[in-house]
Number of protein chains: 2
Amino acid sequence: MKKYAALLKRTKLFSGVGENDILSMLHCLNTQVREYNKGEYAFRQGEYIRSLMILAVGRLHIQKEDYWGNLNILNEIRPGEMFGEAYIIPNSGTLMNDVVAIEESVVLFFDIDRILTVCSSACPFHTQLIKNLFYTISDKNKSLVQKISYMSQRSTREKLLSYLSDEAKRQNSNSFSIPFNRQQLADFLSVDRSAMSNELSKLRNEGMLDFHKNEFTLREL
Amino acid sequence: MKKYAALLKRTKLFSGVGENDILSMLHCLNTQVREYNKGEYAFRQGEYIRSLMILAVGRLHIQKEDYWGNLNILNEIRPGEMFGEAYIIPNSGTLMNDVVAIEESVVLFFDIDRILTVCSSACPFHTQLIKNLFYTISDKNKSLVQKISYMSQRSTREKLLSYLSDEAKRQNSNSFSIPFNRQQLADFLSVDRSAMSNELSKLRNEGMLDFHKNEFTLREL
DNA sequence: AAAAGTCTGTTGTATTTACAACGAAAGCAG
DNA sequence: CTGCTTTCGTTGTAAATACAACAGACTTTT
């Protein structure tokens, strides 16, 4: 378990907690370790989850098969990332997705009830952990809501403008850089890359914005 | 404050807590009450939020104006609903949206630090509150992720199939009813209603599914 | 420096979607 | 029952998108 303390120290969940304290908390949280071979399913649709998980080593895909058997990859989990935080509500249905190891992987399991129930005196960092958990989920929530606000725009143009508008606000400048290349931006907004490139060119021709690589500038009309 | 206890008892956040205990907790949480006139802004883009809010009376719109001034309504808040839970992360930027009262409204403010920091002994229901908060956000998270998984499908047909597929899974039957009428479903999936109706008819003609009003049945191929 | 590979913008075409309009069916009120 | 309103499916047309293909710019490798 000790070998994971350094990794955990850098995760959002254990942020602000020292390695020694993490070690004692791991015990308090009844932490389990499981390894998965490449291709192995960590969870299947329909299972109940009672833990919060952090991927220590490897890579996982959150994916879904529809009624007619079509596969759809929803998300890729990388080391240090937490997952399962949306599926531990009691009496509220089962996992809707499959979780598959696409590399040999190691997953840490934390008992959710031990996280949320403060043990009377043992863990001075328990309150910190709860705050971290809350902040992490809250932050994810915020990202999801924003993403939906872009995706719910009907046209590629509107999706681009709402995203770029928000980035300008967030970075507090009408000139800013984005953390995506074109393909990643297209995937993020759920549009076709070439159609998006085309639309960006139109917007530039119309004088609404300018860009070089990942640097964008919004113009007044 | 007493007059709000009955309302709060029915909210997700205070679920499982009796009215008398809610009253003592309201004090412990340093609850503030603010009223807004119709049309008044409760919050503006760029502000910092340090509280969790529950709407007691009225109706609010979460909305956004882009760089060029176009208005966009993201969400409508009704009495008993919590909001702001995604915007109270310390040091992580400001509010990206405006919150406007579209009717005369009353909002309750709860100090977020007092919720997350367990007061040594005073509140026996504090742990319950933390769990409720976690479950609420977690549940919202889950809904958001699912919605994104539908919206990220490229065509109306795929959006429909992924949503209906999930509902069949969730209700554990290939026959099920949905909580939307056609317009609401179209809004939820971010597609045009008439195009969606058209696509549903095609799917029925192709023998993939059947429907009468809000009752759907998925067919094997 | 040459070669191989990646990223981006552009174009043409087939497909899909948005929009407006309308009639039938269902639900509701007087 | 009658008239009014809402919901739903259908259709035609204009607009937008997906897809495939390709060329130039830029990177990385050899």
Side-chain angles (χ1 to χ4, degrees), chain A residues 66 68 70-73 76 147-164 167 176-219, chain B residues 66 68 70-73 76 147-164 167 176-219:
Chain A
D66 75 11
W68 297 272
N70 307 307
L71 186 67
N72 206 335
I73 297 167
E76 181 169 303
K147 180 167 167 145
I148 285 180
S149 82
Y150 311 139
M151 287 178 54
S152 65
Q153 302 294 320
R154 294 306 171 80
S155 66
T156 299
R157 161 177 291 236
E158 285 176 313
K159 285 173 187 163
L160 277 169
L161 292 182
S162 65
Y163 170 68
L164 294 173
E167 277 304 303
F176 54 90
S177 66
I178 66 172
F180 298 126
N181 65 26
R182 293 292 182 278
Q183 183 61 60
Q184 291 168 333
L185 179 58
D187 289 341
F188 178 71
L189 298 177
S190 261
V191 298
D192 181 71
R193 183 198 61 78
S194 69
M196 186 188 78
S197 253
N198 197 318
E199 201 62 42
L200 277 173
S201 298
K202 283 188 200 166
L203 287 167
R204 177 163 55 189
N205 291 338
E206 293 171 23
M208 302 206 43
L209 49 78
D210 234 326
F211 56 89
H212 306 283
K213 299 191 176 185
N214 299 341
E215 299 285 335
F216 286 78
T217 303
L218 307 188
R219 305 272 180 223
Chain B
D66 76 11
W68 296 271
N70 308 306
L71 185 67
N72 206 336
I73 296 167
E76 180 169 304
K147 178 166 168 145
I148 286 180
S149 81
Y150 310 138
M151 287 177 54
S152 65
Q153 301 294 320
R154 294 307 171 80
S155 65
T156 298
R157 161 178 289 237
E158 284 175 314
K159 284 172 187 162
L160 276 170
L161 292 182
S162 64
Y163 169 69
L164 295 173
E167 278 304 303
F176 54 90
S177 66
I178 66 172
F180 298 126
N181 66 26
R182 293 291 182 278
Q183 185 60 60
Q184 291 168 333
L185 179 58
D187 289 341
F188 178 72
L189 298 177
S190 260
V191 298
D192 181 71
R193 182 197 61 80
S194 67
M196 186 188 79
S197 252
N198 197 318
E199 201 62 43
L200 278 173
S201 299
K202 282 188 200 166
L203 287 167
R204 177 164 53 188
N205 292 338
E206 293 171 23
M208 301 205 44
L209 49 79
D210 234 325
F211 55 91
H212 305 283
K213 300 193 177 185
N214 298 341
E215 298 286 334
F216 287 78
T217 303
L218 307 188
R219 305 270 180 223

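Predicted model, so just to flag it, every value in this text is computed and none were measured.
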Send over the distance from [X] [atom1] to [N] [atom2], rounded to a whole Å.
X        : N      : atom1 : atom2 : answer
B:Met196 : D:dG9  : CE    : P     : 8 Å
A:Asn198 : C:dT11 : CG    : P     : 8 Å
B:Phe180 : D:dC8  : CZ    : P     : 13 Å

Q. In terms of the nearest nucleotide of DNA chain D, which residue is placed more toward the 5' end: B:Lys202 or A:Glu199?
A.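 On the 5' side of the pair lies B:Lys202.
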
Q) Which comes earlier along DNA chain D counting from the 5' end, the contact point of A:Arg157 or that of B:Leu200, where each point is its nearest nucleotide? A)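 The 5'-side residue here is B:Leu200.
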
Q. Checking all strands, does B:Arg193 fall into the base, sugar-phosphate, or nothing category for heavy-atom contacts under 4.0 angstrom?
A.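 Counting heavy atoms under 4.0 Å across all strands, the contact made by B:Arg193 includes a base.
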
So, does [X] get its side chain near the phosphate of [N], meaning an N or O under 4.0 Å from OP1 or OP2?
X        : N      : value
B:Ser194 : D:dT10 : no
A:Lys213 : D:dT27 : yes
B:Ser201 : D:dG9  : no
A:Arg154 : D:dA16 : no

Whether [X] side chain and [Y] backbone form a donor-acceptor pair below 3.5 Å:
X        : Y        : answer
B:Arg182 : B:Lys213 : yes
A:Gln153 : A:Tyr150 : no
A:Glu206 : A:Leu203 : no

Q.
Between D:dG9 and B:Arg204, counting only base atoms on the nucleotide and side-chain atoms on the residue, is there a donor-acceptor pair under 3.5 Å?
A. no

Q | Closest contact, heavy atoms only, A:Arg154 versus B:Asp187 | A |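 Heavy atoms only, the tightest pair is NH2-OD1, 4.3 Å.
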
Q) In terms of side-chain heavy atoms of B:Ser197, which of D:dT17, C:dT8, D:dT10 is nearest? A) D:dT10

